[in-house]
Amino acid sequence: MSNLLFLGPPASGKGTQAKKVSSQYGWPHISTGDMFRAAYAQRTALGKEAHDTYWRKGLLVPDEITNTLAFERLKQDDCKEGYILDGYPRTLGQATALNHFFLQGKKEGRQGLDAVIFFDCSEEVLIERAASRRVCRACGAIYKSGTAVCQCLGELYQRPDDYPKIVRERLGEYILKTSCLLEFYRKFGLLREIDATQSEPDVLRDICKLI
């Protein structure tokens, strides 16, 4: 089992665990944000459009652009032995397009998802985690509140997205747009659930058991 999708609400820990699993198994961690940043850094037409027209302005990038960027990324050589998708697909439309991409790629030996790991976590825990999260302005490392300075000596700050009011709004959007993905992947027998309220080592242990 090597082609994975980590699915879960904001602050459920899926990004943190994706990095850990990526490091342990050598599979690339593919997040939507990293995908957009890489395409923009390479100055591709789609990368510039996604950044300049939408992402920089805080607008949602249309599915058509997001899908195309994701498909280009999954075709790269480092994904042949496995990958971890984090933050994509985010909607039922994106999931349907991704499924079609895999079906089309069977002739080329392209493999689809082996499992979708859902990070199940209560709203109370999610809000508490987000409110205590601090991010380094210099390197982007994430810490819990109480840490004064990053290891790189960068300043730590609380992102507006982590304010309790904003977290509740993001959870509402997640439930509206993303929760339908659970049933979509359950129908294909791919859904696996993890208790994301556990400690980080325990969550990683459970993921590795699934793998």
Side-chain angles (χ1 to χ4, degrees), residues 3-12 14-16 18-19 22 27-113 116 130 133 135-142 154 157-163 166-167 169-182 184-185:
N3 298 343
L4 306 174
L5 164 60
F6 284 5
L7 187 65
S12 61
K14 61 184 183 300
T16 296
K19 292 176 182 176
S22 173
W27 304 326
H29 169 207
I30 304 173
S31 74
T32 308
D34 290 345
M35 192 168 62
F36 289 153
R37 279 187 287 269
Y40 181 67
Q42 294 165 8
R43 309 304 292 173
T44 67
L46 276 177
K48 289 189 288 185
E49 181 180 358
H51 180 274
D52 296 342
T53 306
Y54 302 100
W55 201 35
R56 185 180 63 180
K57 300 176 182 178
L59 302 175
L60 290 177
V61 180
D63 282 357
E64 182 178 356
I65 295 176
T66 303
N67 290 336
T68 302
L69 287 173
F71 301 162
E72 290 177 353
R73 180 65 185 89
L74 288 169
K75 289 178 180 178
Q76 294 180 16
D77 288 344
D78 65 339
C79 292
K80 289 182 177 179
E81 301 300 322
Y83 52 80
I84 306 163
L85 288 172
D86 168 21
Y88 176 87
R90 191 181 297 270
T91 66
L92 186 58
Q94 290 178 359
T96 302
L98 180 64
N99 201 39
H100 187 61
F101 167 77
F102 288 138
L103 289 173
Q104 285 185 320
K106 276 190 174 181
K107 293 181 180 179
E108 303 171 13
R110 190 181 308 129
Q111 299 296 316
L113 294 171
V116 176
R133 189 159 54 186
V135 181
C136 175
R137 291 188 187 277
C139 71
I142 298 176
Y157 76 105
Q158 184 179 25
R159 299 181 302 187
D161 277 358
D162 289 336
Y163 296 164
I166 303 301
V167 173
E169 292 175 355
R170 292 174 65 199
L171 286 174
E173 181 181 2
Y174 166 81
I175 292 171
L176 180 65
K177 293 184 177 181
T178 311
S179 59
C180 58
L181 294 180
L182 300 181
F184 179 83
Y185 285 115

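- Not counting sequence neighbours, the partners of K80 by the side-chain contact (heavy atoms from CB on, under 4.5 Å) test are D77.
- No more than 12 heavy-atom neighbours from other residues, nucleotides or ligands sit within 6.0 angstrom of CZ on R90.
- Atoms OG1 and CZ, on T16 and R133 in that order, are 7.5 Å from each other to the nearest 0.5 Å.
- Taking all atoms of both residues into account, the shortest heavy-atom contact from Q158 to Y163 is OE1-CE2, 3.5 Å.
- Between the side chains of Q94 and D63, at least one donor N or O sits under 3.5 Å from an acceptor N or O.
- Partners of T53 according to the side-chain contact (heavy atoms from CB on, under 4.5 Å) rule, which considers only residues two or more places apart in sequence or in another chain, are E49.
- Using a 4.5 Å heavy-atom cutoff, the side chains of L113 and F102 are in contact.
- Taking the six-membered ring where tryptophan is involved, the planes of F71 and Y88 are perpendicular, since the angle between them exceeds 60° and thus also 30°.
- Residues L5 and P89 approach most closely at CD2-CD, 3.8 Å, considering heavy atoms.
- Within the 3.5 Å criterion, the main-chain N or O of F6 finds no donor-acceptor partner in the side chain of K14.
- The ring-ring contact (aromatic ring centres under 6.0 Å, His included) check on F184 picks up F188, with sequence neighbours excluded.
- Looking at every heavy atom in both residues, A50 comes nearest to F36 through CB-CD2, 4.4 Å.
- Every residue meeting the side-chain contact (heavy atoms from CB on, under 4.5 Å) condition with R73, not counting sequence neighbours, appears here in chain and number order: P28, I30, M35, Q76, D78, C79.
- A pairwise comparison of heavy atoms in W27 and S22 identifies O-OG, 2.6 Å as the closest pair.
- With sequence neighbours left out, the side-chain contact (heavy atoms from CB on, under 4.5 Å) criterion links C180 to L92.
- Rounding to the nearest 0.5 Å places CZ of F101 at 5.0 Å from CG of L74.
- Evaluated for a side chain to side chain contact (heavy atoms under 4.5 Å, CB included) with L7, the options D86, L85, L181 yield exactly one hit, L181.
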Just distance, no hydrogens or angles: give the donor-acceptor pairs under 3.5 Å from side chains in residues 39-46, sequence neighbours left out.
from	atom 1	to	atom 2	distance (Å)
Y40	OH	R43	NH1	3.2
T44	OG1	A39	O	3.3
T44	OG1	G47	N	2.9

